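In the text below, chain A, chain B and the rest are named by the order of the sequence lines, each starting its count at 1. None of these values were measured; they are calculated from a predicted model.
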Protein chains: 2
Amino acid sequence: MCAVQLQVRPGTAAFSKGQERVLKILQSAQELMIAGGYHNLTLRKVAAGAGISVGNLNYYYSNKQDLLRDLLDKVIESYVWEFDQVLQSAGESPEDQFVAIVKFIIEDIGTQETTHFFPELWALANHDEYAADRMDALYIKARAVLNHLIAILNPALTESSREQVALFVSASMEGLTPFAGFGKPWATQRPEITNIAAIGFLHLVTSITNESIQGGLSTPKSR
Amino acid sequence: MCAVQLQVRPGTAAFSKGQERVLKILQSAQELMIAGGYHNLTLRKVAAGAGISVGNLNYYYSNKQDLLRDLLDKVIESYVWEFDQVLQSAGESPEDQFVAIVKFIIEDIGTQETTHFFPELWALANHDEYAADRMDALYIKARAVLNHLIAILNPALTESSREQVALFVSASMEGLTPFAGFGKPWATQRPEITNIAAIGFLHLVTSITNESIQGGLSTPKSR
DNA sequence: CAATAAATAGGACCAGTGACCTATTTTATT
DNA sequence: AATAAAATAGGTCACTGGTCCTATTTATTG
């Protein structure tokens, strides 16, 4: 659905049969990306995976860059959608909601899709402006949930400090991907690592002050 | 030095002029990787960057995989070397040493070399066994420093818990790379983020218990 | 049903790319 | 100086990849 909406470039179609095709194409591309990285993403393989010819693929995506961008859009949208879901559910206390989100994200890191796709995204973002933009948009959404809860858990924080804390929490969890993600050396200890993260983040979020964030780097106890 | 030592495959040389050449080749490869990712790393560009012909490059590296592996070895060795330096310096209290290391690592994340190279490494490690092995070896070294200090700061932790905490701390800092690294949206706020990390990690490391890591995920205060 | 648009396949083209080979020059060794 | 080894350039080759073109088939619509 979203993919077809995004496909509004001239010369491309977005109708009946085309909708399924675009979906199949993007799914094929995503599978290739997960299986072998962007390095492994060729139009011929994408076409083969989608069960169509290269010529036909070219009918939907006149160049590789367009396909890549639509792929990024599609995958990122799916994660944004997940975050929106998390934002609604919850229910309990802010603390419990916060911990629930931490657990949700670290659990998601354990899937092959996330473990393999995101490092590709981070690498792409270093050299592709569009990838960088989409990635930024995704994580802004991801941090929105955290920001909301941190504001409740620690009302004294300025907006700037709060966003810095949210960034730290979010980035920290993302950082677990190459270490405790799918098939990684620490994958089996993800439950314990999740506990460490939940405990650490919760204390940090509730106890940190604007002064210590700005301040001259002295430890909390020393001032 | 290290690069030439590693270059012991049959058919290749490691002598007088060859030493400089290998260095130049690897530097050229590293620059290309940083500038455009693995995607941008071609033998012709490497040769051009090193100021030699493709045929000559082939004399030193009979195939691209060997070159990539030597490149990974070289870069990773340089980081290992840095960690060893950090391990020696220090001097102050364990708390100060710990904070110093956190600052050192997050500062390093701000360099273009680190910001661009590591996401490539993480992506490569998803599909290349050798890259995964070398990456693992690197981070074991990086965590060794943290492990050592955590053992002092929190002697009650079991070895397993301590290593999990060290992994969390290390991975968290790495996770900042795509967000607060060189040229990234939060790069300007790296000092504040560093403070947040230092404060959060130090409290976590000194106060966490084996039970809360293993335990049923209850927050510290509730037990 | 005719006509128009959408969808598809097949292939051609051309710019790389990695790998390889050979001849030549430079450097080291005796 | 003579010889062997190392270092280097240049070219070739098979192949892959992105892009483009054309003809054909399949829907859609008036």
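Between the side chain of R44(B) and the base of dG16(C), no donor-acceptor pair of N or O atoms lies under 3.5 Å.
We find that CG of N63(A) is positioned 12 Å from C1' of dC20(D), with the value rounded to whole Å. Atom CG of N40(A) is separated from atom C1' of dG17(D) by 13 Å (rounded to the nearest Å). In this structure, CG of N58(A) is placed 16 Å from P of dG17(D), rounded to the nearest angstrom. Here dT17(C) presents its C1' atom at 11 Å from NE2 of H39(A), a figure rounded to the nearest Å. The separation between Q65(B) atom CD and dT17(C) atom P is 19 Å, rounded to whole Å. Taking atom CG of L43(B) as the reference point, atom C1' of dG11(D) lies 16 Å away to the nearest angstrom. Between the P atom of dG18(D) and the CG atom of L67(A) lies a distance of 10 Å, rounded to the nearest Å. Between the CD1 atom of I52(B) and the P atom of dT26(C) there is a distance of 17 Å, given to the nearest Å.
Put simply, R21(A) has a side-chain N or O that comes within less than 4.0 Å of OP1 or OP2 on dT8(C). In this model, the phosphate group of dT8(C) is not approached by any side-chain N or O of Y59(A) to a distance below 4.0 Å at OP1 or OP2. Of the side-chain N and O atoms in Y60(B), none sit less than 4.0 angstrom from OP1 or OP2 of dA6(D). At the phosphate of dA9(C), OP1 or OP2 sits under 4.0 Å from a side-chain N or O atom of N56(A).
Judged by the 6.0 Å distance and 45° axis criteria, K64(B) is positioned over the aromatic ring of Y38(B).
Of all the heavy atoms in L41(A) and L32(A), the pair that sits closest is CD1-CB, 3.8 Å. Counting all heavy atoms, side chain and backbone alike, A187(B) lies closest to G181(B) at CB-O, 3.4 Å.
R134(B) meets the side chain to side chain donor-acceptor pair (under 3.5 Å) test with D73(B), E77(B); sequence neighbours excluded.
Contact annotation for L57(B): no contact, since no heavy-atom pair falls under 4.0 Å across all strands. Looking at heavy-atom distances under 4.0 Å, V54(A) makes contact with a base.
Other residues, nucleotides and ligands contribute over 12 non-hydrogen atoms within 6.0 Å of the CD atom of Q112(B).
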